[in-house]
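Keep in mind the model is a prediction, meaning the values are calculated, not measured.
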Amino acid sequence: MAVLGIDLGGTKTAGILYHHGDIIERYRSNTDISSSETVIEGIKATCSRLLEAARSRGITVESIGLGIAGFIDFERGVVTDAPNHPLHEAPVRDILQSAFDLPVIVDNDANVAALAEARLGAGKGSRYLVHLTLGTGIGGGIVIDGEVYRGAQGAAAELGHMIIDENGPICNCGSRGCLEALASGVAIYKRVEELSWTKKRSPMLDEFRSDPLSFRAEAVERHAAAGDEYALDILRNAGKHLGVGITSIINIFNPDAVTLSGGLLGCFRFMEEEMRLTVDGMAIPISRRHARILTSILGEDGGTLGAALLASLLPA
């Protein structure tokens with residue numbers, strides 16, 4: 001069986017051609033978030049590129065799976081809202097089915113990443129798994145007894161929007177003190193930006209001031225590796241906040257595994273110690289001892305593999 005798995009993030013759109021358990025072709029592009037239409041056109045372009053790759057190999061694609069960073073009405077295949085791009089009440093499933101005449105299934109990107117981790121990745125074999133995607137924002141996925149938990153309206157597992165500090169910074173969702181507002185790529189950028197408004201000096205702050213629009217969280221990792229104390233402090237604090245969030249996850253769900261993926265893992269070596277110290281000091285002992293906190297082994301393929309696994313569940 002051949003399927004497409006598409007992962008739409010806040011900055012990147014990635015896709016794979018998945019055939020008999022192997023990735024045959026990959027494609028990645030920048031996500032144009034200037035409008036809902038440009039986002040959807042980017043998804044279509046990714047699908048078209050991969051379908052052409054399948055045709056050139058004599059492979060027939062049977063379905064398309066799509067993971068999107070946002071709130072998804074799973075039954076209708078509609079993106080109801082998305083904090084980090086402009087899709088709103090967008091009938092993505094119907095649009096793609098009409099464009100490609102193939103069955104399409106749409107889910108939250110972290111849900112499909114959780115599915116991939118539970119079946120193929122670091123948490124393989126876990127019946128009870130909670131997954132966090134650490135990137136531009138923070139997403140969450142929950143696997144209970146081997147199945148994705150979506151909630152009453154498909155809006156469950158928005159773990160990036162659990163409140164860590166009710167007096168904390170405003171999040172993109174409109175609330176204050178969410179985990180995403182304190183430990184995501186956007187949060188790290190904002191902490192650097194705030195420091196740049198002061199008279200403090202460091203190589204990281206000098207780089208930010210010279211070109212704020214080009215600055216990324218990856219630069220904070222680079223400066224932390226070089227010993228920049230401001231960079232180290234930002235990442236340690238993000239790690240502590242992440243630990244508070246994971247503590248709540250462990251206390252509530254008593255999972256076998258908490259798995260982590262996403263672009264922010266590049267900074268994780270400077271976040272991990274504070275994260276684990278916080279969990280060890282705060283989580284309920286019986287649950288803490290059982291839960292493994294693991295980083296993904298699927299790399300950048302986690303979201304697309306999960307979307308492909310989801311697509312494979314559709315009837316041909």
Side-chain angles (χ1 to χ4, degrees), residues 5-15 30-44 46-47 64-99 104-115 130-142 148-164 166 168-187 189-190 245 249 261-264 303-304 306-307 310:
I6 311 297
D7 180 24
L8 174 69
T11 58
K12 298 288 184 183
T13 302
N30 293 328
T31 303
D32 183 347
I33 61 171
S34 55
S35 70
S36 179
E37 290 74 20
T38 60
V39 172
I40 290 171
E41 286 305 312
I43 298 170
K44 287 183 180 179
T46 299
C47 291
I64 299 171
L66 182 61
I68 294 181
F71 299 96
I72 312 297
D73 184 326
F74 181 72
E75 296 300 324
R76 295 191 297 136
V78 172
V79 183
T80 56
D81 203 6
N84 295 310
H85 52 69
L87 295 180
H88 178 71
E89 291 299 326
V92 173
R93 182 189 65 190
D94 291 348
I95 290 170
L96 295 183
Q97 285 184 165
S98 176
V104 175
I105 188 166
V106 181
D107 204 350
N108 173 269
D109 65 333
N111 283 350
V112 301
L115 184 65
V130 180
H131 184 67
L132 289 173
T133 58
L134 310 176
T136 306
I138 294 180
I142 301 168
V148 174
Y149 175 71
R150 297 184 177 89
Q153 296 175 303
E158 286 295 331
L159 301 174
H161 299 290
M162 72 173 86
I163 305 300
I164 299 300
E166 71 272 24
I170 295 174
C171 181
N172 283 341
C173 73
S175 293
R176 186 178 288 277
C178 293
L179 178 61
E180 181 171 302
L182 291 161
S184 67
V186 167
Y189 179 94
K190 287 182 177 178
I249 288 167
S261 70
L264 204 57
T304 52
L310 198 66

Sequence-distant partners of Glu41, side chain to side chain contact (heavy atoms under 4.5 Å, CB included), two or more places apart: Lys44

Interatomic distance, Cys47 atom SG to Leu96 atom CG [nearest 0.5 angstrom]: 5.5 Å

Least distance between heavy atoms, Gly139 atom then Ala110 atom: C-CB, 3.6 Å

Minimal non-hydrogen separation, Leu310 against Leu115, with atom names: N-CD2, 4.2 Å

Sequence neighbours excluded - salt bridge (Lys or Arg N to Asp or Glu O under 4.0 Å) pairs with any residue from residues 71-88: Asp73-Arg76, Arg76-Glu89

Where Ala307 and Gly5 come nearest, the two heavy atoms and their spacing: CB-CA, 3.8 Å

Interatomic spacing from CD in Glu158 to CG in Leu179 - rounded to 0.5 Å: 11.5 Å

Contact summary for Ile142 and Ala114, nearest pair of heavy atoms: N-CB, 4.3 Å

Residues in side chain to side chain donor-acceptor pair (under 3.5 Å) contact with Ser184, at least two apart in sequence or another chain: none

Arg176 side-chain N/O to Pro169 backbone N/O, donor-acceptor pair under 3.5 Å: no

Close side-chain approach of Leu66 and Val112, heavy atoms under 4.5 Å: no

4.5 Å side-chain heavy-atom contact, Ile72 and Val79: yes

Derivation and outcome, side-chain contact (heavy atoms from CB on, under 4.5 Å), residues Ile95 and Ile43: CA-CA 10 Å; Ile95 290 170; Ile43 298 170; over 6 Å; no

Any His161 side-chain heavy atom under 4.5 Å of Ser175 side chain: no

Listed partners of Asn111 passing side chain to side chain donor-acceptor pair (under 3.5 Å), at least two apart: Asp107

Straight-line distance of Arg150 CZ to Asn108 CG, nearest 0.5 Å: 9.5 Å

Heavy-atom check, side chain of Glu180 versus side chain of Asn172, under 4.5 Å: yes

Sequence-distant partners of Ser98, side chain to side chain donor-acceptor pair (under 3.5 Å), two or more places apart: none

Minimum side-chain heavy-atom gap Ile164-Cys178 below 4.5 Å: no

Heavy-atom closest contact (Ser36 atom, Leu87 atom, distance): OG-CD2, 3.2 Å

Donor-acceptor contact present, side-chain His88 to main-chain Thr80, <3.5 Å: yes

With Tyr189 via ring-ring contact (aromatic ring centres under 6.0 Å, His included) - residues at least two apart: Phe208

Shortest non-hydrogen contact from Ala113 toward Thr133: CB-CG2, 4.0 Å

CD1 on Ile163 to CG on Leu182, rounded to 0.5 Å: 9.5 Å

Heavy-atom side-chain proximity of Leu159 to Ile138 below 4.5 angstrom: no

For Thr31, side chain to side chain donor-acceptor pair (under 3.5 Å) partners two or more places apart: Thr13

Gly15 backbone acceptor or donor facing Thr46 side chain under 3.5 Å: no

